Amino acid sequence: MCVVKSKCDSFSLQKLAQIQNHVCRSGGESLDNGEELHKHDKIPRSQGGLDTDKNLELFHAYCHQ
């Protein structure tokens, strides 16, 4: 199961992970290794990005620094 910094339901996390083939966008490692995950907006919400699957990516907390 994914551990995430922000509050969201596990279904959306699993959907995002599935879209990414369960691979961290930065490090290329499996998202299912127990590390903390962060959601990232491709287009920042402050710049008009939406909080949708198409605008979100999952990263390991370490990779998202």
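Counting begins at 1 with the first residue of the sequence. When reading the values below, keep in mind they use all heavy atoms of this one structure, side chains included, and skip hydrogens, waters and symmetry mates. Predicted, not measured: the structure shown is a model, and the values here were computed from it.
Remark: Asn55 pairs with Asp41, Lys42, Ile43, Thr52 by the side-chain contact (heavy atoms from CB on, under 4.5 Å) rule, at least two apart or across chains.
Considering Glu57, His22, Lys39 as possible partners of Leu16, the one that fulfils the side-chain contact (heavy atoms from CB on, under 4.5 Å) test is Lys39.
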Exercise for review: Please step through side chain to side chain contact (heavy atoms under 4.5 Å, CB included) for the pair Leu37 and Leu13, ending with a clear verdict.
Suggested key: CA-CA 10 Å; Leu37 301 176; Leu13 294 179; over 6 Å; no
Expected list for residues 58-65: side-chain donor-acceptor pairs under 3.5 angstrom, two or more places apart:
unit_1	atom_1	unit_2	atom_2	d
His60	NE2	Ser30	O	2.9
His60	NE2	Asn33	OD1	3.4
His64	ND1	His38	ND1	3.2
His64	NE2	His40	ND1	3.0

